[in-house]
Each structure stands twice: as C-alpha cells, then as structure tokens.
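What follows is a short report on a single structure.
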Number of protein chains: 2
Amino acid sequence: MPKSPKKLTSNRRALALNNGRVTSIEVARRAGVSQSTVSRVFSDRNLVSQETVDKVLRVARQLDYKPNAIARSLSNRRTDLIGILMAEITSPFYPYVLEKFSQRLHDLGKRVLLFTTGPHEDADSVLQHALQYQVDGLIIANITLTSGIVKESLKYRTPVLLFNRYVKGARAMTVVCDNVAGGRLVADALLDSGHQRLAYIAGRPEASTNVDREAGFMERLAERGYVGTLREQGYYTYESGYEACRRLLKLSTPPDGIFCANDITAMGALDAARDLGIKIPEQLSVIGFDDIPAAAWSAYSLTTVRQPVDQMIESSVALLLESMEQPNWKATARVIPGELVRRGSARLTTTVV
Amino acid sequence: MPKSPKKLTSNRRALALNNGRVTSIEVARRAGVSQSTVSRVFSDRNLVSQETVDKVLRVARQLDYKPNAIARSLSNRRTDLIGILMAEITSPFYPYVLEKFSQRLHDLGKRVLLFTTGPHEDADSVLQHALQYQVDGLIIANITLTSGIVKESLKYRTPVLLFNRYVKGARAMTVVCDNVAGGRLVADALLDSGHQRLAYIAGRPEASTNVDREAGFMERLAERGYVGTLREQGYYTYESGYEACRRLLKLSTPPDGIFCANDITAMGALDAARDLGIKIPEQLSVIGFDDIPAAAWSAYSLTTVRQPVDQMIESSVALLLESMEQPNWKATARVIPGELVRRGSARLTTTVV
DNA sequence: CTGAAAGCGCTTACAG
DNA sequence: CTGAAAGCGCTTACAG
C-alpha cells in the first residue's frame with residue numbers, strides 16, 4: 001500500500017516537472033535492454049556489444065535522450081564542473097582570460113561555473129557556493145583573497161589554482177606572470193634611454209600583481225642608483241590613471257617617464273597628458289602592463305609588458321587537471337616571464353642591452 | 001550477504017573520493033536526530049522546532065557541513081543553474097553584460113553555467129551540454145543562432161531568453177534594445193546638423209542587431225529624401241572599423257558622417273580618420289552604438305546610441321525567472337529604446353527636434 | 001514537530 | 001556481454 005500512492009504522486013510530478021525529459025529507463029524499455037546497459041552505452045561503450053550499442057543509440061536518438069549530468073555527477077562523485085571566481089570581468093584583460101579558460105576547459109569536457117564578485121565583496125561566501133556544487137576544481141583570478149579563503153582551501157581537497165595572484169601559505173597552486181621581472185624590464189628600458197624623472201602609478205594596493213610590479217621597478221631603479229621615484233595611487237582603472245597622471249604633470253618638475261601598473265591605467269595617463277597638451281613620447285614616456293588588445297590601437301600605441309596569457313592559461317589548466325587526478329596534490333607555483341612590447345607611447349632607444 | 005561487502009566497498013570509496021565532505025547523515029548521527037530533520041533544517045527551517053534547529057546547526061558548523069547542491073538538485077528537479085551562452089566575451093560590452101547577469105542571478109540564488117563559443121562555432125552542441133546539466137533556464141546572448149537551436153528550444157520546456165538577438169519563429173523570450181529606432185535617431189541627428197554625405201559601417205551581416213540598426217538608419221534617411229548612402233562591411237571589431245573607414249575616406253568624395261554598427265567599430269574608424277590627418281568632428285562625424293565605457297574616454301569622446309543595458313538585464317532576469325515558475329511560458333518580446341549620447345566625435349547641432 | 005522510507009537518474013560491483 | 005540491485009546525498013509525502 002505505501003508503494004502505489006507514491007507511484008502515482010511521483011508520476012504526476014514527473015509529468016509536471018520533468019520537463020518532458022527522457023531517462024535511461026525509458027530508453028531501456030523501448031530498446032528491450034536493462035537500464036544498466038543503456039548507462040554503459042553512454043559511459044563506457046566498450047563494455048557493450050556493437051549490436052546493442054547500435055540499438056540503444058537508435059532509440060536514444062529517436063527519443064532525444066541525453067544523460068542527466070546531475071545524476072551522473074552524484075553517482076560519480078565527479079561533476080566535471082570547474083568553478084571560476086573572478087572580480088570585475090569588465091577590467092579589459094580578464095574577459096580574454098575568462099574566454100580562454102572557458103574554451104580550453106570546455107574542450108577538455110569540463111564545464112564552467114562562474115562566480116563574479118564586486119570590487120570589494122568578500123570572496124568567501126562565493127567560495128562556499130562553489131563548493132556546494134561540488135566543483136572538481138577552482139580557479140581564482142583577480143580576487144582579493146582573505147585569510148579565510150586560504151583556510152577554506154586547506155579544509156577541502158578540492159584543488160585550487162590562483163591565477164596571477166598568490167597568497168603566502170595558501171595550500172594552492174599558483175600561476176603568475178613574473179611581475180617583478182616585468183617591473184625591472186621597464187626600469188631598465190626607461191633608464192637606458194636617458195629618462196631623468198620617473199614615476200609609478202600604482203594599481204590596487206592589495207593586489208599582489210601591483211605589489212610585485214612596483215617592487216621590481218623600484219628595486220631595479222635603486223640598483224642602478226636612481227632615487228626619488230614619484231608615486232601616485234591608482235586603482236587599475238582608466239579614470240584613476242587619468243587623475244593620477246594629471247597630478248603628476250601639475251608638479252613643478254613633472255616626470256618624463258611613467259610606469260603604470262596596467263594598460264588601462266596607462267591609457268588614462270596618456271589621455272590626461274595629451275589633454276594637457278603634452279607631446280607623447282617627446283615630452284613624456286608612458287609604459288603599461290598587460291598588452292590588452294586596445295594597447296595596439298593607434299590612438300594609444302602603448303609600450304607595455306606583455307603578459308604571456310596563453311601560456312599562463314595553458315599552465316593553469318594543466319596543473320589543475322593534473323591535481324584533480326591526484327588526491328594529494330601539492331602547492332606549487334609557476335612563474336612565467338613577460339616581454340616588453342615597444343610601441344609609440346615611450347621614447348626608448350632601440351638598442352637593447 | 002550482498003549488503004555487507006557493499007558497505008565496505010562504499011566506505012572505502014567514501015574515504016578515498018568524498019573529499020572529506022560531510023553528509024547530512026553524519027550530522028544527523030552526531031546531533032541525535034534523523035537525516036530528514038537535518039535536511040529540513042537546511043531547506044525549510046519552519047518545519048523544525050527552534051531547539052532542534054539550534055542543535056543541528058551547531059553540529060553542522062562544527063563539522064563544516066554544507067548541503068550537497070548536486071544531490072539536492074537531483075531530488076528537487078531544480079538545479080538553480082542558469083546557462084549563459086555567449087560568443088566572444090572579449091568584444092567590449094559583453095563582459096559588462098556577463099558580469100551584470102552573473103551578479104543579479106547570484107543575488108537571486110541562481111548560479112551561472114557559462115558557455116562560450118568561438119566566432120563561427122555552432123551553438124547547438126554547446127546547447128546540448130547546457131541541457132545535460134539540467135539548467136533551469138538559458139540566456140543566449142551574442143550567438144549566431146541556427147534553425148537547429150530554434151527547434152531544440154521548442155523541444156524542451158526549459159525557458160530560453162534571447163538577449164539582444166531574435167530569431168523569427170523561435171519559441172523564446174526576447175529582450176532587445178530598439179535597434180531600429182536607434183538607427184533612426186542617428187539618421188535624424190546627422191541630417192539635422194547638415195551632413196551631406198553619409199555612410200554606414202556594418203557589423204556582422206548575420207547579427208540581428210546589425211540588420212536592425214542598418215534598417216532603421218536607411219529607412220529614416222529614405223523617408224527624409226536622402227539617397228546614396230555609402231556602405232562598408234565591418235565585423236564589430238576595431239580592425240574592421242579601421243579598414244572600412246580607410247576605404248571610405250579614400251573615395252573621391254568621402255563621407256562627412258559615418259554611422260558605425262557598434263562602438264568598437266567606431267573607435268577603429270576614428271583612429272583611421274585621424275591617422276589620415278582628418279579633423280574630428282570638423283571634417284567628419286563618427287557615431288557608434290552601445291556606449292561602452294571606453295566611448296567616454298577623452299581619446300575618443302564618442303557620440304553613440306546608449307543601450308539601456310541595465311534595464312535590458314533587469315527585464316531579462318525578470319522574464320526568465322517568471323517563466324521558470326510557469327511550465328507553459330510563452331514567447332514574448334521586450335523592446336527597450338536607446339538614447340543618443342552626444343560627445344565630441346560628431347558635429348551635431350545642440351537644438352534637438 | 002519528527003522519523004522511516006521512497007524516489008530523483010545515474011554508475012558500477014557482483015553474479016551470471 | 002548483460003541484468004538486478006545498491007548506492008550517490010538529498011527531498012518530501014506519509015504516518016504518527
């Protein structure tokens with residue numbers, strides 16, 4: 001007696017809620033095989049005779065059957081879902097990163113569960129949601145990490161990859177552009193071509209990318225005996241670059257060379273300079289970091305440090321998938337060098353050291 | 001006998017594969033209640049006494065228990081997953097759209113399953129994957145839709161929302177900017193301010209946005225007796241705008257007013273004109289469509305038709321969620337007007353008609 | 001308010 | 001190569 005009313009209820013629910021989606025049981029019935037066999041046809045075809053495979057596939061096609069990935073995930077304890085946490089996709093550079101990740105992962109049979117956070121939003125709650133969906137791996141991009149996240153990442157065995165960020169002591173894999181070396185490249189380029197008064201327009205103070213780029217730049221300047229570098233705070237945005245540059249150029253002795261923490265900031269800086277009637281690059285050199293597509297536009301023609309994005313993404317995906325196989329993955333870091341791309345926004349001597 | 005070995009196997013699997021994640025059974029045992037009760041605490045707290053809720057939550061916190069969303073989805077037949085299909089996130093404007101969708105949906109307790117397709121890739125296979133994950137709804141953005149997709153969307157009851165695209169006869173909801181009216185706005189603005197020779201730089205020929213913007217522009221010009229509009233093919237990219245504009249300006253009688261199918265194209269056009277030494281806006285007016293953030297940058301100061309993105313996204317989310325409640329949702333269309341934003345790239349009379 | 005149990009749609013060890 | 005059945009971790013109708 002408990003069975004039959006249940007059945008009824010459940011059938012009604014099925015009609016109402018199943019969205020007309022066919023299950024393996026239905027396919028099995030029509031093909032005259034067991035449900036297990038249908039399942040095998042869609043998971044490991046080699047376990048089934050060719051004849052049966054054909055029969056099942058024919059019926060499946062007729063009914064437009066597709067295995068339910070949610071049910072499969074529950075059973076497999078593997079969702080093939082990769083969580084990507086990203087703040088501010090709109091900051092140019094990250095859309096490309098996201099697109100590239102999405103496509104690489106998709107080609108490898110993984111799906112992307114996307115979480116974006118506002119600029120100052122905490123990543124921790126978002127992390128909880130990702131974990132609830134049992135993601136097989138997690139990619140964390142331009143997110144300000146709190147120590148909370150670090151602890152969480154330790155609690156779970158879910159592999160975590162930090163893209164272009166790092167956190168000391170976090171049990172995570174890290175792939176970064178060599179931001180320190182990039183900063184040094186810029187210092188050398190500006191000094192080599194005789195610039196006299198240098199400035200740095202910073203990015204978000206808490207971002208490791210900003211910290212490293214500045215450290216490399218300053219460190220190399222100091223090594224070569226240059227002191228008194230000007231500094232303005234920016235926030236990785238066009239507007240902040242524009243304002244910071246304006247402030248610098250209003251100084252009694254303004255800089256003749258500015259290194260900006262990223263390209264967008266540099267574009268703002270360039271526009272500010274031109275709006276003040278300053279000749280680029282004769283009176284002022286501006287150098288960015290990233291090499292986003294707009295850097296090549298003739299309105300900017302920005303000299304910049306190119307991040308090896310494709311390599312960084314390849315490495316990230318490789319590391320992540322590797323560690324998904326190994327329950328005891330280890331924290332590792334991959335540092336990939338960038339390259340100075342010379343365009344019109346900086347007066348650089350072509351002779352390279 | 002069949003039970004006990006199963007148990008063993010399954011326990012071993014649990015240790016190896018469960019990633020150390022705690023289930024409701026474990027919480028129930030430690031809290032001295034049934035598994036159903038634990039479940040109720042995390043789904044509908046009102047069904048449980050306050051005392052029990054407290055006890056369960058305490059244990060849950062201790063064990064860091066989080067309900068498994070995959071299991072819940074299977075049981076509920078609702079995943080809270082929304083699929084977003086998008087081509088070329090990198091084309092500015094869409095990162096913003098994606099971010100906004102992601103944040104709105106997240107706030108409403110939905111998660112985003114992201115699928116990107118290459119420019120010429122077929123959306124159909126990607127659709128299959130989204131449906132396998134039992135998404136509750138589907139948002140399709142700047143994707144070239146084939147008739148295949150239309151048919152698929154009919155087969156499933158999964159609500160489909162087309163964002164800024166439409167397909168005739170598709171059973172889907174549609175939210176678009178009024179692209180036709182936008183084109184007409186531009187025609188009037190250029191004609192009102194005495195432009196003599198007009199041109200259109202088109203976007204991807206198959207995109208309904210492009211078709212409509214052009215139709216509105218041409219239609220209005222014709223109504224006002226203007227004939228002989230020049231036309232160049234672009235592809236919604238900076239480079240194609242640059243080249244198309246170059247070709248137009250090399251004509252024996254070049255245009256003095258160009259309407260570009262989107263902002264990026266217009267930026268390419270502006271740079272091409274300036275690289276040829278043409279004065280903007282004295283000798284040439286350039287008008288875009290979208291109003292992406294870079295349009296406001298002083299290097300471009302682009303006059304453009306602003307798409308009411310926020311409204312479009314609000315409407316989209318509202319329509320989609322509404323239809324997820326109603327199994328028999330109907331195809332509907334929402335057309336939202338855009339607005340001409342006057343900046344420095346076009347010589348327009350300020351007196352509006 | 002609470003528990004026992006069926007069910008969601010798969011996978012897979014076991015037995016043939 | 002194939003089928004019967006347990007199990008994945010939840011929800012929820014049913015009975016108390």
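Proteins come first, then strands; the chains are lettered A, B, ... in the order of their sequence lines, and each starts at number 1.
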Below 4.0 Å: OP1/OP2 of C:dT2 and any side-chain N or O of B:Thr37: no

Protein-nucleotide distance (B:Phe42, atom CZ; D:dC10, atom P), rounded to Å: 9 Å

P atoms of D:dC10 and D:dC14, separation to the nearest Å: 24 Å

Rounded interatomic separation in angstrom, taking CD from A:Gln35 and C1' from C:dC8: 12 Å

Sugar-phosphate, base or nothing in reach of A:Ser36, heavy atoms under 4.0 Å: base

Contacts of type side chain to side chain donor-acceptor pair (under 3.5 Å), residue A:Ser315, not counting sequence neighbours: none

By side chain to side chain donor-acceptor pair (under 3.5 Å) - contacts of B:Asp80 (at least two apart): B:Arg78, B:Lys110

Value in whole Å for how far the P atom of C:dT12 lies from CG of A:Leu74: 12 Å

Summary of salt bridge (Lys or Arg N to Asp or Glu O under 4.0 Å) pairs that have at least one residue in residues 27-44 of chain B, sequence neighbours excluded: B:Glu26-B:Arg29, B:Glu26-B:Arg30

DNA chain D contacts made by residues 44-53 of chain B, counting heavy atoms under 4.0 Å: none

B:Ile25 CD1 to D:dG7 P, straight-line distance once rounded to whole Å: 11 Å

Any pair counted as ring-ring contact (aromatic ring centres under 6.0 Å, His included), so long as it reaches residues 33-62 of chain B, sequence neighbours left out: B:Phe42-B:Tyr65

Gap between atoms CZ and P, on A:Arg72 and C:dT12 respectively (whole Å): 9 Å

Comparing A:Arg40 and A:Ser24 on DNA chain C - which has the more 5′ nearest nucleotide: A:Ser24

Which residues share a side chain to side chain contact (heavy atoms under 4.5 Å, CB included) with B:Thr332, sequence neighbours left out: B:Met173, B:Leu319

Protein-nucleotide distance (B:Asn76, atom CG; C:dG7, atom C1'), rounded to Å: 12 Å

Candidates C:dC10, D:dC10, C:dG3 - which lies nearest the side chain of B:Val33: C:dG3

For the student: nearest non-hydrogen atoms of B:Leu108 and B:Val317, plus distance: CD1-CG1, 3.5 Å

C:dC10 OP1/OP2 closer than 4.0 Å to side-chain N/O of A:Ser75: no

Whole-Å distance separating the CZ atom of B:Arg77 from the P atom of C:dC10: 11 Å

Integer-rounded Å distance: C:dG9 P and B:Arg78 CZ: 16 Å

Sequence-distant partners of A:Ser208, side chain to side chain contact (heavy atoms under 4.5 Å, CB included), two or more places apart: A:Arg165, A:Tyr166

For DNA chain C, stems built from three or more consecutive Watson-Crick or G-U wobble pairs below 3.5 Å: C:1-3 with D:14-16, C:5-12 with D:5-12, C:14-16 with D:1-3

Atom CD of A:Glu51: over 12 foreign heavy atoms under 6.0 Å: no

Gap separating the OG atom of B:Ser73 from the CD atom of A:Gln134, nearest 0.5 angstrom: 10.0 Å

Residues forming a side chain to side chain donor-acceptor pair (under 3.5 Å) with B:Ser323, sequence neighbours excluded: none

Presence of A:Tyr133 side-chain N/O under 4.0 Å of D:dG9 phosphate oxygens OP1/OP2: no

